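Working notes for the structure below.
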Amino acid sequence: MALRVYNSLSREHEAFEPLNPPYVGVYVCGPTVYGDAHIGHAKSYIAFDLVVRYLRFLGYKVRYVQNITDVGHLTDDADEGEDKIARRAALEQVHPLQLAETYARRYFEDMDRLNVLRPDISPRASGHIPEQIALTEQLLKTGHAYEVNGNVYFDVSSFPEYGKLSRRRIEEAESGTRVEIRGDKRHAADFALWKRAEPGHILQWDSPWGRGYPGWHIECSCMSQKYLGETFDIHGGGLENMFPHHEDEIAQSEAAYGHPFAKYWLHNNMVTVGGQKMGKSLGNFTTCRDAFTRYDPLVLRMVILQGHYRRPFDYTEESLAAGQTGYERLVGAVKAVRRAMDKAPAGEADDNVKRLAEETEKRFRAAMDDDFNSAGALAALFDLVGDANTLARDPKATRGSLERVDDLFRRLGGDVLGLVQDRYADDASGTRQVIDQLIGTMLDMRAQARKNKDFAMADRIRDQLTGMGIVLEDGPGGTTWRME
RNA sequence: GGCGCCGUAGCCAAAUUGGCUAAGGCAACGGAUUGCAAAUCCGUGAUUUGUGGGUUCGAGUCCCACCGGCGCCUCCA
């Protein structure tokens, strides 16, 4: 079985074949940093994090580029609105790049908590102005763009394939009543490559067309080309950016370089709230930070991974609460196996365990190979949970067997899904030994009380520990405890 | 109006490149274990995939119609 991906460009599942194996270039549209990341960002970047993690798991050498948009993203139709960052910065009375830096940092912090691996390169649009000017000049030179009053527009009529990604026809945009030709554009579908700066606009640069700043779409064409080449393997982004953003990227890049742009286009579906799209302009969003005050970020990650990236995810408190329980069961099994591992008798892995491990990994990979079906992969992992708990409680289980199971949790649940951590805070912290001994003493006292049928005392000890968040578990081999 | 998506057990959700007994999670119920609990383990659910037709040896998967919900076509991951 080999990896198959759904390519938005062909609207079909295709075998994944890198242009230049074992190297794989991945470009994903990053955030415009003028506010905190919300659940929609979480789903998107978790989805592409999964893609990158799985490609690496398969042995590919991935270069993952994700831009930070800090200039040029307009509030309105691609040519007439204000720059989002500039507007917000004026409102908060800070320098635009100060605003962008603040939210870029907060974005990375949020993604870190979701265990989203950082991109290999996080280029800023403002750091690539010369490249954007050069690409604009190239498009002017080849007749794909025109300049009017210090503004430069891409001429969509010069690119016959315009609309091939979104399956849209230029004539439709023209005939539609909702889009009217505004400003200096020749055609309604033309879009800005370079904007003339109005007086008072802080972020502006010199260009052959006077002082100004770049359009939004062009940064992705420049930065993907600079770090991944004129043609690269995977371009990812949110479904709502398929048109016009991704369509425009294709037009600019292919018109300028004369080569195909990205080989595979992956689009992640949206987060909804009560069936309605979660969006900044709709005001119905929940920020990651807000959600983190109520749920472990990895619970959110797991709930998102329980669905497929190309399907919408309806965000509700109920689904997070349900996820919380499931997540705790998964992590509980991992911890149980690791605790048991320390005390287990030495020995090779049992044949049954080996078979179980192979079967689990096979099912896991089959699911992931099928267009990154994380829900199916997670199902395989959850099937392992029961056996893992049984094994962890079996005093005869060998260290080899437990290590084999832990290895699966680490590689599949950790490396690929990003849900299982290498170590947990209560595993081996400095004070752990002292706490261990203190609680051990309490457990001795309770065991003695139980032996004497003094259940009032036994329960009192247990209740007091429970109040501290320490849960006791009586088993055949004695009492164990864990932190809630 | 144009393009496109979705409707699977109480809830979330996979399988949609047509084909083994329709994953998994949560909740519920039964059993094991326990002094009682908690945790854990085992087991129980869809003769059936919005509705009605059609194609096929065979359809949740393809086609048609209808009902319901949603996205893009202006900014949004």
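Letters A, B, ... are given to chains in the order of the sequence lines, protein chains preceding strands, and every chain is numbered from 1. The structure displayed is predicted, hence computed values, not measured ones. Atom set for the values below is all heavy atoms of this structure, side chains included, hydrogens, waters and symmetry mates excluded.
A donor-acceptor contact under 3.5 Å links the side chain of Arg462(A) to the base of rC36(B). The base of rG35(B) has none of its N or O atoms less than 3.5 Å from a complementary donor or acceptor on the side chain of Asp454(A). Taking only distance into account, the side chain of Arg482(A) never meets the base of rA39(B) through a donor-acceptor pair shorter than 3.5 Å.
Met468(A) has its CE atom 21 Å from the P atom of rA38(B), to the nearest Å. Put simply, CE on Met242(A) is 16 Å from P on rU74(B), counting in whole angstrom units. In this structure, CZ of Arg365(A) is placed 20 Å from C1' of rA23(B), rounded to the nearest angstrom. Whole-Å rounding puts the Asp387(A) CG to rC42(B) C1' distance at 12 Å.
Side chains of Tyr54(A) and Asp369(A): a donor-acceptor N/O pair is present below 3.5 angstrom, by distance only. Side chain to side chain, Glu17(A) and Tyr264(A) fail the donor-acceptor criterion of an N or O pair below 3.5 Å.
Look at the P atom in both rA65(B) and rU74(B): the space between them is 28 Å, to the nearest Å. Across the C1' atoms, rA14(B) and rA32(B) are found 31 Å apart, a figure rounded to whole Å. rG25(B) and rG2(B) have their C1' atoms separated by 40 Å, given to the nearest Å. Using P as the reference atom, rU61(B) and rC3(B) are 23 Å apart when rounded to the nearest Å. Comparing the P positions of rA28(B) and rU34(B) gives an interatomic distance of 24 Å, to the nearest angstrom. Nucleotides rC12(B) and rC70(B) are separated by 15 Å at their P atoms, to the nearest Å. A distance of about 13 Å separates the C1' atoms of rG19(B) and rG60(B), rounded to the whole Å. Here, rG10(B) and rC6(B) have their P atoms 23 Å apart, quoted to the whole Å.
Residue Asn373(A) places none of its side-chain N or O atoms closer than 4.0 Å to OP1 or OP2 of rA14(B).
For Tyr315(A), there are no ring pair (Phe, Tyr, Trp, His ring centres under 6.0 Å) partners two or more places apart in sequence or in a different chain. Contacts of Asn241(A) classified as side-chain contact (heavy atoms from CB on, under 4.5 Å), with partners at least two apart in sequence or in another chain: Trp216(A), His245(A), His246(A). With sequence neighbours left out, the salt bridge (Lys or Arg N to Asp or Glu O under 4.0 Å) criterion links Arg329(A) to no other residue.
Considering CZ of Arg53(A) and OH of Tyr64(A), their distance stands at 11.0 Å, rounded to 0.5 Å.
No contact: Phe285(A) has no heavy atom under 4.0 Å from any strand. Residue Leu472(A) is in base contact, counting any heavy-atom pair closer than 4.0 Å across all strands shown. Within the 4.0 angstrom heavy-atom criterion, base atoms lie near His38(A).
Ring orientation note: the planes of His217(A) and Phe191(A) are nearly perpendicular, at an angle over 60° on the 30°/60° scale.
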Within the sub-3.5 Å range, which N or O atoms of nucleotides 25-27 of chain B have a protein N or O partner, and how far apart are they?
| from | atom 1 | to | atom 2 | distance (Å) |
| --- | --- | --- | --- | --- |
| rG25(B) | OP1 | Arg329(A) | NH2 | 2.9 |
| rC26(B) | OP1 | Arg329(A) | NE | 3.3 |

List, with names and distances, any nitrogen or oxygen atoms from the protein found under 3.5 Å away from nitrogen or oxygen atoms belonging to nucleotides 69-71 of chain B.
| from | atom 1 | to | atom 2 | distance (Å) |
| --- | --- | --- | --- | --- |
| rC70(B) | OP1 | Gln276(A) | NE2 | 2.9 |

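RNA chain B is contacted by both Met278(A) and Ser319(A); Ser319(A) maps to the nucleotide lying nearer its 5′ end (nearest heavy atom per residue).
You can call Phe455(A) stacked on the base of rG35(B); the centres are under 5.5 Å apart and the planes sit within 30°.
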If you look only at distance, which donor and acceptor atoms sit under 3.5 Å apart when one is on a side chain in residues 388-397 of chain A and the other is two or more places apart or in another chain?
| from | atom 1 | to | atom 2 | distance (Å) |
| --- | --- | --- | --- | --- |
| Asn389(A) | ND2 | Val385(A) | O | 3.4 |
| Thr390(A) | OG1 | Gly386(A) | O | 3.0 |
| Asp394(A) | OD1 | Lys396(A) | N | 2.9 |

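Distance from the side chain of Ala379(A) is smallest to rA23(B) among rC73(B), rA23(B), rA77(B).
The aromatic ring centres of Tyr45(A) and Tyr107(A) sit less than 6.0 Å apart. Taking the six-membered ring where the residue is Trp, the centroids of His128(A) and Tyr227(A) are separated by under 6.0 Å.
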